[in-house]
K.L.:
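This structure is in structure tokens; I'll ask about it shortly.
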Amino acid sequence: MGGRIEIKICGLTDVDSVDAAVAADADWLGAVFFPPSPRAVTAEDAAELFDALPETVGTVGLFVDPDDALLDHVLNTVRLDMIQLHGQESPDRIDWIRQEYAVPVMKALGVAEAADLQRARDYADHADRLLLDARPPEGADRPGGHARAFDWSVLTGWAAPLPWMLAGGLTPESVGEALRVTGAPAVDVSSGVESTRGKKDPALIARFCAAVRAAEGSQRS
Ligand SMILES: O=C(O)c1ccccc1NCC(=O)[C@H](O)[C@H](O)COP(=O)(O)O
């Protein structure tokens with residue numbers, strides 16, 4: 001049991017943190033194209049951060065209910081290997097985006113209780129992956145990136161209809177337990193590897209990735 005656990009570091013905004021994520025063997029690097037986020041970057045910023053990356057590292061563009069103009073601009077400016085949709089995008093909208101841009105789509109779902117997992121089935125025939133994230137606080141100005149974890153035990157017995165990532169409040173200290181409880185095949189982190197909100201910390205990125213690899217090793221033994 002236990003193959004490679006994929007790691008996504010989300011909300012990257014500076015080259016030192018990008019370098020740290022690559023050095024720490026992260027699989028996915030995320031850029032946020034949602035202006036209210038403290039981690040938001042422009043397409044031009046992201047191109048500078050991502051365009052010299054090795055092909056072995058995947059890039060993720062994070063959007064919230066994007067219009068076609070934003071998608072056109074970003075996809076024509078930055079190399080993106082996956083589109084993450086973190087808003088209220090419908091299955092039909094996902095079908096259109098996948099068709100139009102020929103890039104895999106990961107649909108984020110807000111989870112607080114087991115019943116929230118039922119929505120995963122709505123996207124089973126439309127998205128390529130699911131991101132299970134904690135539901136945002138009431139009245140939040142953005143749907144993700146709040147350092148909130150949900151009760152991972154709600155995933156016990158859950159049959160994932162698609163490849164998926166666990167997100168929400170993960171840290172170098174908690175990710176091992178999260179993996180033990182959930183068996184997640186991939187993890188995603190933003191706040192937990194920041195020294196202050198929106199500022200990634202290369203040392204925390206390295207610690208987070210090392211903790212995932214340690215958990216991977218213990219799954220194999
Ligand atoms: O990170 C943001 O600022 C953000 C803004 C708008 C929509 C989604 C956002 N983040 C989505 C992510 O994929 C985060 O990595 C995920 O929510 C986990 O965040 P955290 O709990 O801070 O690790």
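Order of listing sets the numbers, starting from 1, for every ligand and every atom in it. What's counted below: heavy atoms across the whole structure, side chains too, no hydrogens, waters or symmetry copies. Heads up: numbering here begins at 1 and tracks the sequence. Being a predicted model, the structure only gives us computed values, none of them experimental.
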K.L.:
H126 vs E89, test: side-chain hydrogen bond (donor to acceptor under 3.5 Å, both in side chains). Steps then yes/no.
P.N.:
CA-CA 11 Å; H126 303 278; E89 301 85 1; over 6 Å; no
K.L.:
Does a salt bridge link R129 with E6, judged by any charged N lying under 4.0 Å from a carboxylate O?
P.N.:
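Between E6 and R129 there is a salt bridge, with a charged N closer than 4.0 Å to a carboxylate O.
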K.L.:
Could you tell me the separation between the CZ atom of R142 and the CG atom of L62, rounded to the nearest 0.5 Å?
P.N.:
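Answer for the CZ-CG pair, R142 versus L62, is 11.0 Å.
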K.L.:
Under 3.5 Å between any N/O of G145 and any N/O of ligand 1: does that happen in this structure?
P.N.:
yes
K.L.:
For residues 147-154, please give each side-chain donor-acceptor pair under 3.5 Å, one per line with the distance, not counting sequence neighbours.
P.N.:
{"residue": "R148", "atom": "NE", "partner": "R135", "partner atom": "O", "Å": "3.1"}
{"residue": "D151", "atom": "OD1", "partner": "S153", "partner atom": "N", "Å": "2.9"}
{"residue": "D151", "atom": "OD1", "partner": "S153", "partner atom": "OG", "Å": "2.7"}
{"residue": "D151", "atom": "OD2", "partner": "S153", "partner atom": "OG", "Å": "2.9"}

K.L.:
Give a yes-or-no answer on whether the side chains of Q84 and K107 include a donor-acceptor pair shorter than 3.5 Å.
P.N.:
no
K.L.:
Select one of side chain, backbone, both or neither to describe which atoms of S190 lie under 4.0 Å from any atom of ligand 1, heavy atoms only.
P.N.:
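For S190, the contact with ligand 1 is made by both the backbone and the side chain.
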K.L.:
Testing S195, S191, S190, S17 for side-chain hydrogen bond (donor to acceptor under 3.5 Å, both in side chains) with K200, which one passes?
P.N.:
S190
K.L.:
Any idea which protein heavy atom is nearest atom 4 (C) of ligand 1, and the distance to it?
P.N.:
G144 O, 3.5 Å
K.L.:
Which protein non-hydrogen atom lies closest to atom 1 (O) of ligand 1, naming both residue and atom, and how far is it?
P.N.:
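Atom 1 (O) of ligand 1 sits closest to the protein heavy atom R39 NH1, 3.0 Å.
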K.L.:
Report yes or no: does G11 have a heavy atom closer than 4.0 Å to ligand 1?
P.N.:
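G11 does not count as a contact of ligand 1 under the 4.0 Å cut-off.
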K.L.:
Do any N/O atoms on A147 end up under 3.5 angstrom from N/O atoms on ligand 1?
P.N.:
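Yes, at least one N or O pair falls under 3.5 Å.
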K.L.:
Does the N or O separation between D188 and ligand 1 drop below 3.5 Å for any pair?
P.N.:
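Yes, D188 has an N/O under 3.5 Å of an N/O on ligand 1.
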K.L.:
Tell me, please: is K8 in heavy-atom contact with ligand 1, that is, under 4.0 Å?
P.N.:
yes
K.L.:
Is there a nitrogen or oxygen of G169 sitting under 3.5 Å from a nitrogen or oxygen of ligand 1?
P.N.:
yes
K.L.:
May I ask you to identify the nearest protein heavy atom to atom 8 (C) of ligand 1, giving residue, atom name and distance to one decimal place in Å?
P.N.:
L62 CD2, 3.5 Å
K.L.:
What distance separates L131 CG from L109 CG, expressed to the nearest 0.5 Å?
P.N.:
8.0 Å
K.L.:
Just going by heavy-atom distances, which of G198, A40, S191 is nearest to atom 22 (O) of ligand 1?
P.N.:
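Considering heavy atoms of G198, A40, S191, the nearest to atom 22 (O) of ligand 1 sits in S191.
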